[in-house]
Amino acid sequence: MDLDGLLHPVGETWTFLRCEAFLQEEGISWIVAMPDGSELQIRLQRRPYDEHGVLEYLDDHVLPAARPGEDWPLLVMRDSVCLADDVDAPHACVVDVPRDADATGVARALLSSGCLAGVAGHTTWSIAMGRDRVVFGDRWGLRFVRAVRPDPLTARAEAFERIDVRYWQQRDAQTVIAALTGQ
């Protein structure tokens, strides 16, 4: 939420045009172009009790647009793995993946990203990209990635701005696949 009480939800897109300062209130205004071409002023303050956290940790809140030929910045929202992990919820990060990555490629990128919480021993996660579902994780230091269905994976990363990662505790991949397919 900005200084004027306007909510800016995850996934909102705009193009940054310029920045203006309003020093009396320790703030700045971003002037942005909305997708329809209209201009919007987003006012933020640097005071600790206002939008200071947004300005201080800008890359946690605002993502650069992907450029042709570059990796795709994918917003990843993951489940908490335990009560202590809930303190920092919601868990969000950005992982750059190849634009043409299918769900198994995205899962491999997630395993290497540091975005997922580590749990001693092993963890199992799943993602869905359209109809494509993948179960992946770590078993005593050995990573695995399994497609839920034998059909070819057709969804590509560049068709998604956000991926939700579900935590399946320490369940083995076959048990999770059976749960996802209703078997």
Side-chain angles (χ1 to χ4, degrees), residues 1-103 105-118 125-132 134 136 155-167:
M1 188 176 305
D2 66 19
L3 180 62
D4 298 314
L6 297 174
L7 183 63
H8 300 280
V10 171
E12 178 181 81
T13 59
W14 38 260
T15 302
F16 178 81
L17 299 175
R18 65 185 177 279
C19 182
E20 299 172 355
F22 54 100
L23 301 175
Q24 291 173 329
E25 297 192 38
E26 299 178 41
I28 62 169
S29 289
W30 292 336
I31 309 302
V32 301
M34 300 303 289
D36 66 3
S38 64
E39 286 190 9
L40 175 68
Q41 179 182 28
I42 301 174
R43 294 186 336 138
L44 303 167
Q45 285 187 305
R46 291 191 185 275
R47 295 181 193 160
Y49 50 86
D50 288 309
E51 298 82 29
H52 175 77
V54 172
L55 295 171
E56 192 70 20
Y57 303 101
L58 185 62
D59 56 349
D60 289 343
H61 301 280
V62 179
L63 304 177
R67 294 187 175 96
E70 293 183 357
D71 283 346
W72 188 251
L74 196 57
L75 174 63
V76 177
M77 302 294 290
R78 73 158 173 87
D79 286 347
S80 293
V81 298
C82 65
L83 186 59
D85 195 33
D86 287 343
V87 172
D88 296 324
H91 303 287
C93 63
V94 176
V95 176
D96 291 327
V97 299
R99 289 176 169 276
D100 63 346
D102 64 15
V106 170
R108 286 185 185 95
L110 289 171
L111 286 170
S112 299
S113 70
C115 181
L116 303 175
W125 306 89
S126 69
I127 58 172
M129 290 174 51
R131 295 184 64 224
D132 297 346
V134 173
F136 60 101
R156 297 294 177 251
E158 67 184 347
F160 299 87
E161 293 180 358
R162 172 182 169 160
I163 294 288
D164 293 304
V165 182
R166 183 172 176 191
Y167 176 57

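Just so you know, these numbers come straight off a predicted model, no measurement behind them.
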Going by atom type alone, with no hydrogens or angles, which donor-acceptor pairs under 3.5 Å involve a side-chain atom of residues 7-16 and a protein atom two or more places apart or on another chain?
residue: H8; atom: ND1; partner: E12; partner atom: OE1; Å: 2.9
residue: H8; atom: ND1; partner: E12; partner atom: OE2; Å: 3.2
residue: H8; atom: NE2; partner: D2; partner atom: OD2; Å: 2.9
residue: E12; atom: OE1; partner: W14; partner atom: NE1; Å: 3.1

According to the salt bridge (Lys or Arg N to Asp or Glu O under 4.0 Å) rule, which pairs have a member within residues 105-117, sequence neighbours left out? none

Partners of Y167 by ring-ring contact (aromatic ring centres under 6.0 Å, His included), sequence neighbours excluded? W125

The criterion is salt bridge (Lys or Arg N to Asp or Glu O under 4.0 Å); which residues satisfy it with D96, sequence neighbours excluded? none

What closest approach, in Å, do W72 and E158 show between heavy atoms, and which atom pair accounts for it? CZ2-O, 3.4 Å

Straight-line distance of Q41 CD to I31 CD1, nearest 0.5 Å: 4.5 Å

Smallest separation among heavy atoms of R43 and S29, with atom names: CG-OG, 3.3 Å

Looking at M129 and A101, what are the two nearest heavy atoms and their distance? CE-O, 4.0 Å

State, with a plain yes or no, whether a side-chain heavy atom of D102 is found less than 4.5 Å away from one of R156. yes

Is any side-chain heavy atom of M77 less than 4.5 Å from a side-chain heavy atom of V165? no

At what distance, to the nearest 0.5 angstrom, does CD1 of I163 lie from CD1 of I127? 5.5 Å

When rounded to the nearest 0.5 angstrom, what is the spacing between CD1 in I42 and CG in L6? 8.5 Å

Scanning both residues in full, the closest heavy-atom pair of A157 with V97 reads CB-CG2, 3.6 Å

Can you sort out the partners of D100 under side chain to side chain donor-acceptor pair (under 3.5 Å), two or more places apart, ordered by chain and number? none

For C82, is there any backbone N or O sitting under 3.5 Å from a side-chain donor or acceptor partner on S80? no

Sorted by chain and number, sequence neighbours left out, side chain to side chain donor-acceptor pair (under 3.5 Å) with D132 holds for none

Between D71 and R99, does a side-chain contact (heavy atoms from CB on, under 4.5 Å) hold up when you go through it step by step? CA-CA 6 Å; D71 283 346; R99 289 176 169 276; over 6 Å; no

Going by salt bridge (Lys or Arg N to Asp or Glu O under 4.0 Å), name the residues that satisfy it together with R162, two or more places apart in sequence or in a different chain. D164

So V106 and F136, side-chain contact (heavy atoms from CB on, under 4.5 Å) or not? Walk me through it. CA-CA 10 Å; V106 170; F136 60 101; over 6 Å; no

Of all residues at least two apart in sequence or in a different chain, which pass the side-chain contact (heavy atoms from CB on, under 4.5 Å) check with A128? R133

V94 versus V76: any side-chain heavy-atom pair under 4.5 Å? no

